*Asks:* 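Sharing a structure with you now.
Just follow the structure's listing: the first ligand is 1, and inside any ligand the first atom is 1. Values in this document were obtained by computation on a predicted structure and should not be read as measured data.
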Amino acid sequence: MSSSSEKNQPPKTSSQYAILEKNVLDFWQQAQIFEKSVDRLAPKGDYVFYDGPPFATGTPHYGHLVASIMKDVVPRYYTMQGYKVERRWGWDCHGLPIENIVEKELGTKQKKDIEALGVGKFNELCRSKVMTYADEWEKVINRLGRWVDIKNSYRTMDLDFMESVWWVFKELWDKDLIYQAYRSMHICPRCETTLSQSEVSEGYRDIKDFSVIAKFELVAEPGTYVLAWTTTPWTLIGNVALAVGSEIEYLKVKSDNQIYIIAKERLADVFKDKEQAILASLRGSDLVGKSYQPLFDYYASDKTLENRENGWKIYAADFVTTEEGTGVVHIAPAFGEDDMRLGKEQNLPFIQHVGLDGHFSEVVTDFPNMHVKPLDDHMATDINIIKYLAAHNTLFHKEKYEHSYPHCWRCDTPLINYATSSWFVRVTKIKEQLLANAQKINWFPEHIKEGRFGNWLEGARDWSISRQRFWASAIPIWECACGERQVIGSVSELEELSGQKITDIHKDVVDDITFACQKCQGKMQRIPDVLDCWFESGSMPYAQLHYPFENKDKLENNFPAQFIAEGLDQTRAWFYYLHVIAGGIKNSQAFDNVIVNGIVLAEDGKKMSKRLQNYPDPSLIMEKYSADALRLQLLASPVMAAENLNFSEKGTEESLRKNIILLLNVFNFYELYAQENKDLDLSGDKLRAFVQTSEHVLDKWIMTQFNLLLETIQAGMESYNLPRATRPITTFIDGFSTWYLRRSRDRFKSEDIKDRQLALLTTKVILLEFSKVIAPFMPFMAEHLWQKLSTNNFNNDNASVHLEAWPSVFEIEPKDVLERMIFTSQIVEAGLMKRNEAGIKIRQRLNKITVRFKVTNLEPAYQNLITDELNVNEMELLPPLGDEVFAVELDTKITPELKQEGIKRDLIRFINLLRKEAGLSLGDKTKTFIVGHEDVQIVVKKFQDELIKETLSESVEIVAAVEDDVAQKTVTIDEQKVTIALVRV
Ligand SMILES: [Zn+2]
Ligand SMILES: [Zn+2]
């Protein structure tokens with residue numbers, strides 16, 4: 001085999017199941033089965049799948065495995081249905097995650113440090129780190145059995161990809177869907193960049209802050225203070241107005257010899273421990289227009305401040321409520337959306353006393369160079385502000401306040417609400433068509449469609465796409481001092497304009513590329529911003545194909561994708577951005593079907609944490625229990641339906657036991673008898689045709705069960721409900737093993753050749769067809785079984801279960817076989833319970849079971865199953881007595897004949913056990929010797945022929961003693977010791 005075998009060499013601790021899978025992996029690689037499954041003729045055409053690119057900033061965790069399993073099962077299934085399913089891996093290379101890793105290594109504290117180092121150097125470092133974990137990813141994904149083309153993966157940092165991103169940008173620009181605006185938005189003061197709505201929504205955490213109620217003294221009424229509440233004391237320096245509700249009732253109250261103004265509804269809360277006397281009641285409109293003394297004079301004293309004459313007055317605003325605070329809102333237009341809007345409406349002064357880096361400006365002399373949210377102590381600056389207020393008699397009250405506050409999703413710094421300039425995609429303009437297109441998407445689970453996704457779309461705002469960072473796609477807007485702007489949509493366009501050969505379009509390169517302004521012949525220079533990396537992952541359908549510069553037909557014939565899958569967190573991220581961009585440039589949805597997975601938690605229900613080591617390494621789990629066991633465990637779980645799963649290793653072990661071990665047992669049993677009965681073998685169409693003629697109820701039953709299984713899996717797959725498609729697999733294996741095979745055991749040894757052949761070949765055909773059905777779910781076990789059963793045995797490079805077509809149903813007349821079998825097993829269950837109650841072992845034959853039920857014509861075939869299974873001589877079926885529905889009576893009297901039967905069965909069992917222990921196979925004949933009490937001696941004589949036949953002995957004799965050097969064992973039969981010995985002949 002090729003050198004790939006070395007790569008798949010499992011560690012020494014691998015279980016036999018992992019070794020089996022390793023052999024399969026080697027075969028797939030060496031015979032290039034994945035490539036063949038994609039390249040061969042596909043009668044049904046393309047089935048298009050888009051892979052969401054992961055950030056390779058760490059090794060893959062369970063969440064990635066869950067996503068990879070979904071992305072493997074569905075394409076494998078549709079391949080078997082006759083489609084061509086290309087699967088191309090992608091890497092998300094840009095953005096803060098990778099910048100943060102490099103910054104940590106460099107030890108940079110702020111953005112200035114990067115600029116000092118040089119953007120080119122910084123980007124080079126980022127580029128060198130991007131693929132750090134790629135090999136580890138490839139190893140794990142390959143071991144999981146996921147088929148995906150990683151070698152030809154697309155990378156968001158490649159020139160082709162970035163060029164298509166520019167094209168997408170220009171398409172949106174040409175449709176007037178991109179604009180620049182000065183807006184109040186959330187920024188990260190450490191990363192010094194704006195963030196999008198979804199990035200902000202991801203980072204909400206509860207933190208403690210100080211809230212304060214500040215006193216604003218009315219200019220015309222010294223000694224009278226309006227009270228206003230804030231949870232961001234540092235914004236008080238930027239205060240330029242107070243807002244009241246014009247219809248709200250306010251009170252003038254006296255307390256501690258000072259006079260306060262507060263909303264009536266807030267009085268009890270705010271003055272809860274203070275004595276107070278109400279002096280007057282007034283409407284908010286009565287307060288409007290009054291001037292108050294600024295808390296700080298850094299800006300108020302500046303005579304050149306624009307709109308200064310409108311500042312530090314009371315205004316009416318409709319967003320004021322009396323739900324919390326004092327019913328009066330402090331207005332700082334640079335630090336809040338409502339504030340900014342009111343500032344614009346009323347022409348208020350605009351005070352930006354904080355830089356994008358979070359530091360106070362030089363004007364704020366009492367708090368030199370302080371940061372509004374210091375990383376080591378986020379309340380420190382607020383405390384300084386509070387001290388200042390207290391010293392100037394403008395503090396009414398302070399207290400600790402816990403609230404949900406957004407943090408940077410990458411560096412964890414508390415964000416600040418900040419008015420700044422940003423570029424936006426005009427999502428609100430196309431919202432109606434986005435909503436209409438979203439109706440065409442099929443979600444699993446379905447509730448996401450109108451719920452999480454629908455709601456998010458419904459509340460969509462314009463998307464802030466500009467970042468003031470470095471390692472990303474550059475925004476392709478060039479501008480001139482005269483106001484002229486030009487958007488570049490391709491590399492060749494820029495080459496033509498600049499007269500330069502261009503091989504890279506990252507910020508550090510294109511920032512230096514200029515060209516002449518068409519209007520004034522001045523210099524056109526790129527704006528400094530880069531793109532939100534979600535813009536790139538949302539552009540992947542086009543950019544992975546370098547569309548429209550290449551693959552024009554390929555994209556246009558294959559859009560939108562049939563299938564994508566990711567975690568719940570992507571509802572507001574990748575799913576959303578794919579949808580927005582496709583809506584913007586093609587007025588279409590980007591995907592037709594989507595599966596959303598939930599979160600894999602540790603066994604204790606907590607988040608999986610590397611630090612706490614509260615979960616087992618997925619690679620070790622696969623080595624111990626096999627990848628198939630893990631796949632099936634996750635596939636059958638609610639994590640495939642956007643719910644949480646508490647992962648337990650016991651669950652993987654159970655999955656191994658119930659699926660793989662049980663199935664291998666069935667296969668091994670079949671193999672044993674297939675070796676003995678080679679003359680009865682059939683294959684291909686003949687095999688199916690022969691088995692379909694069987695009249696045996698067990699054969700009919702297992703084929704009917706298979707038909708049902710096939711239908712259930714198809715229905716599950718077509719609705720993208722993976723748990724529904726997966727769970728019946730385990731049930732089928734259980735029925736196959738513990739009912740069909742157990743009840744058919746004697747048929748495998750039957751004198752009746754036709755019956756022996758039917759049992760053998762039904763087992764074979766079911767195993768063969770079942771291996772195809774499980775191929776998408778348990779690709780390793782499927783391949784192993786199919787290779788052995790088809791006798792290709794890994795020797796034919798063009799034969800694999802994954803190149804087979806999806807099986808069809810057996811053509812049999814099921815009649816009422818399922819109903820009858822359910823009735824049969826109910827009787828067996830009830831009979832076993834009766835045995836249990838009477839304390840009689842199953843090996844002790846009993847005389848009779850009586851069943852009372854409305855059905856009184858159960859065919860002998862079923863009756864035989866019941867008497868065999870319950871080890872009774874006969875069964876009687878009678879109509880029910882009175883109003884009972886179903887009753888079972890077991891005759892528990894043990895006659896001497898029945899006792900002898902029991903001894904005979906014990907002897908057969910122990911002799912065969914000893915044969916197995918002695919390592920004998922079906923072809924080995926023995927002489928059997930027995931030393932035992934009188935009852936045993938009688939049984940040996942009476943049932944000699946049967947004992948010889950059932951134990952493959954040449955003779956069975958009673959002896960007085962056995963030699964020490966022969967294979968032997970001493971057991972208890974009928975409460976006395978019996979010794980059994982074997983001599984091979
Ligand atoms: Zn940050
Ligand atoms: Zn110009």
Side-chain angles (χ1 to χ4, degrees), residues 55 57-58 92 94-115 119 122 125-126 129 180 185-205 207 232 234 335 354-359 371-378 381 404-418 420 422 464-472 476-488 493-494 497-499 513-534 569 573:
F55 282 118
T57 50
D92 209 339
H94 283 147
L96 284 179
I98 202 80
E99 286 197 14
N100 274 213
I101 288 176
V102 172
E103 276 200 77
K104 243 176 220 154
E105 279 184 22
L106 289 171
T108 47
K109 292 261 178 321
Q110 42 188 335
K111 214 164 122 182
K112 275 198 229 76
D113 301 340
I114 298 171
E115 277 150 1
V119 176
F122 182 74
L125 281 169
C126 289
K129 294 289 168 196
Q180 187 188 27
M185 35 201 316
H186 282 96
I187 63 155
C188 171
R190 199 212 68 88
C191 299
E192 289 185 49
T193 183
T194 51
L195 298 167
S196 70
Q197 190 191 358
S198 71
E199 283 171 315
V200 174
S201 75
E202 209 169 300
Y204 272 90
R205 274 201 283 112
I207 54 163
T232 48
W234 59 269
F335 306 100
V354 179
L356 197 61
D357 62 358
H359 290 273
H371 193 282
V372 299
K373 291 281 171 195
L375 272 186
D376 45 351
D377 177 5
H378 72 274
T381 298
S404 181
Y405 193 85
H407 291 70
C408 177
W409 66 290
R410 277 326 291 189
C411 78
D412 232 19
T413 305
L415 303 180
I416 59 180
N417 203 319
Y418 193 89
T420 183
S422 177
S464 157
I465 49 168
S466 54
R467 300 288 178 272
Q468 295 71 47
R469 296 296 301 180
F470 310 101
W471 178 240
I477 300 176
W478 267 255
E479 60 185 7
C480 171
C482 79
E484 173 72 358
R485 274 178 180 155
Q486 197 165 345
V487 172
I488 306 294
E493 219 178 316
L494 187 59
L497 285 166
S498 67
I513 297 177
T514 59
F515 50 89
C517 171
Q518 290 174 342
K519 251 196 196 151
C520 73
Q521 292 305 306
K523 195 161 87 173
M524 295 286 279
Q525 192 144 22
R526 199 187 71 83
I527 63 165
D529 291 358
V530 295
L531 274 171
D532 177 3
C533 50
W534 288 112
D569 52 334

*Asks:* Report the angle formed at the Zn ion (ligand 2) by atom SG of Cys482 and atom SG of Cys480, rounding to the nearest 10°.
*Replies:* 110°
*Asks:* With the Zn ion (ligand 2) at the centre, find the angle made by SG from Cys520 and SG from Cys517, to 10°.
*Replies:* 110°
*Asks:* Is it true that the side chains of Trp471 and Glu99 contain a donor and an acceptor less than 3.5 Å apart?
*Replies:* no
*Asks:* Working to 10°, measure the angle at the Zn ion (ligand 1) formed by atom SG of Cys408 and atom SG of Cys191.
*Replies:* 120°
*Asks:* Is the backbone N or O of Phe470 less than 3.5 Å from a side-chain atom of Arg467, with the two atoms forming a donor-acceptor pair by type?
*Replies:* no
*Asks:* What class does the angle between the rings of Trp234 and Phe335 fall in, given that below 30° is parallel, 30 to 60° is tilted and above 60° is perpendicular?
*Replies:* perpendicular
*Asks:* For Tyr405 and Pro414, indicate whether the former's side chain and the latter's backbone hold a donor-acceptor pair under 3.5 Å.
*Replies:* no
